[in-house]
Amino acid sequence: PFRVILWSGRPLCSSGDSKEVESLKLFGVAARVATRAVQCRPTRSPLSLIARNIPPNVNRRYMATKGPTLWNFKGLFPPALDALAPGAGPDSNIVVVANSTLPSNFEQIWKTSIFRVCADGGANKLYDTIPEPLKRNVIPHIIKGDFDSIRPEVKKYYENAGSQVVHDSSQDTTDLQKALSAVSLSSRRDERLQKALLVVVGGLGGNISQELSNFNCMFEAHDRRMCFAGDTNIVMVMHPGTHTIMSPPGIKCGIIPLGCPVEKVTTKGLKWNLNGDSLKFGGLVSSSNVAVEPLVEVTLSDPCLWTFDFNEYRQKGSGSDPN
């Protein structure tokens, strides 16, 4: 039998379990879901079964009820380009450290965050990146994973420094998913975390299959603004609805229909705007577009990747238009 829970209000429980499912705020949308129900072992809720993999048409109707989503990436770009970005710098980001190359402005990202989590081997990256005199001031709140990557001396160092070390042996979720479940659980108790932009560092580059798996985490995060930040790219998922993106004018960007076709996209503020166009692999993909306005507006019917591409700016070492 299947059980479907329709919920209007605050997020459902996050269990920290490997089968944790994000909250379903469907606002009274009645749906018959023919899909696999998964077991959730809740910590503070009597609910035991939550439906997963909501059909696209249901998710689209839900997301369409939300107002415009504002994206501010000030502080995540290289310094010269960041100076051109509109808005004030962030003061309430969440940072999750994964196990790939950290961006050169990582220390600035860390300083402007209010909650810090390492995904297993991400703790090694953090430990190896921060110079010895500063290590004692750069301590994650939580380290979570199956611990097949973290070095014993690194684990011991952060345990002694006060980090909460959470072992999750499940092989059904990635270390990044485990770390994100820790963020979800903590967000239930802190309204600031619910509103904060979640920035994953160390999640771009390296193994492409792992990178695509990382992007899948953003598609799963329906109620969370989340992005990946690196030295040459910022990547996020725009869920159905309207998005206002604060952009340095002249920066290259892309709207990539990864995961599913996008039935309809309309944009304002790009060099090549879309006007109700459809995007899909095997058809139209809006890559290497250019933001010409400081506020870019995107309205779309289905989830889609947005990318900022700024490798040219780093190579030139200038905030001027690389073209």
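Computed from a prediction, not measured in an experiment: that's the story for all the values here.
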request  = Begin with the C-alpha distance, continue with both residues' side-chain angles, and end with the deciding distance and a verdict on side chain to side chain contact (heavy atoms under 4.5 Å, CB included) for Ile94 and Arg224.
outcome  = CA-CA 11 Å; Ile94 298 169; Arg224 165 75 68 184; 3.6 Å; yes
Would you confirm whether [X], through its side chain, and [Y], through its main-chain N or O, come within 3.5 Å as a donor-acceptor pair?
X: Asp82; Y: Gly75; value: yes
X: Lys155; Y: Val165; value: no
X: Thr307; Y: Asp309; value: no
X: Gln164; Y: His141; value: no
X: Asn124; Y: Ser149; value: yes
X: Ser213; Y: Ser209; value: no
X: Ser163; Y: Pro140; value: yes
X: Lys178; Y: Gly145; value: no
X: Asp175; Y: Ala98; value: no
X: Arg225; Y: Trp71; value: no

Under 3.5 Å side-chain donor-acceptor pair for Ser288 and Lys252: no
- Does any donor atom in the side chain of Ser113 or Asn93 lie under 3.5 Å from an acceptor atom in the other side chain? no
I need the [X] [atom1] to [Y] [atom2] distance, nearest 0.5 Å.
X: Lys280; Y: Glu263; atom1: NZ; atom2: CD; answer: 12.0 Å
X: Thr174; Y: Asn99; atom1: OG1; atom2: CG; answer: 12.0 Å
X: Asp148; Y: Asp120; atom1: CG; atom2: CG; answer: 5.0 Å
X: Leu270; Y: Lys268; atom1: CG; atom2: NZ; answer: 12.0 Å
X: Thr267; Y: Leu274; atom1: OG1; atom2: CG; answer: 4.5 Å
X: Ser184; Y: Gln177; atom1: OG; atom2: CD; answer: 12.5 Å

Exercise for review: Quick one: do Phe115 and Asp190 satisfy side chain to side chain contact (heavy atoms under 4.5 Å, CB included)? Show the steps, please.
Suggested key: CA-CA 11 Å; Phe115 194 66; Asp190 191 332; over 6 Å; no
Atom [atom1] of residue position [X] - does it have more than 12 heavy atoms of other residues, nucleotides or ligands inside 6.0 Å?
X: Lys135; atom1: NZ; answer: yes
X: Asn275; atom1: CG; answer: no
X: Ile208; atom1: CD1; answer: no

Which of Trp306, Phe228, Phe308, Phe310 passes ring pair (Phe, Tyr, Trp, His ring centres under 6.0 Å) with Phe73? Answer is Phe308
Looking at every non-hydrogen atom in both residues, tell me the closest pair between [X] and [Y] and how far apart they are.
X: Ala123; Y: Val154; result: O-CG1, 3.7 Å
X: Tyr157; Y: Arg136; result: OH-N, 3.6 Å
X: Lys144; Y: Ser181; result: NZ-OG, 2.8 Å
X: Val262; Y: Pro257; result: CG2-CB, 4.0 Å
X: Ser247; Y: Val296; result: OG-CG2, 3.7 Å
X: Leu258; Y: Phe281; result: CA-CE1, 3.7 Å

Does a side-chain heavy-atom distance below 4.5 Å link [X] with [Y]?
X: Val237; Y: Phe215; result: no
X: Met246; Y: Pro86; result: yes
X: Ile109; Y: Leu76; result: yes
X: Asp231; Y: Pro78; result: no
X: Asn72; Y: Leu197; result: no
X: Gln210; Y: Ser100; result: no
X: Leu180; Y: Glu220; result: no
X: Arg116; Y: Val138; result: no

*Step by step, work out the side chain to side chain contact (heavy atoms under 4.5 Å, CB included) result for Phe77 and Asn105.*
CA-CA 8 Å; Phe77 298 106; Asn105 61 342; over 6 Å; no
Pair Asp146, Ser170 - check side chain to side chain contact (heavy atoms under 4.5 Å, CB included), show working.
CA-CA 7 Å; Asp146 60 8; Ser170 173; over 6 Å; no
Identify whether Leu295 and Trp272 are in the same connected component of the hydrophobic contact network (ILVMFWY, side-chain heavy atoms under 4.5 Å). no
* To do: Would you kindly confirm whether Leu70 and Val298 end up in one hydrophobic cluster when ILVMFWY residues are joined by side chain heavy atoms under 4.5 Å apart?
  => no
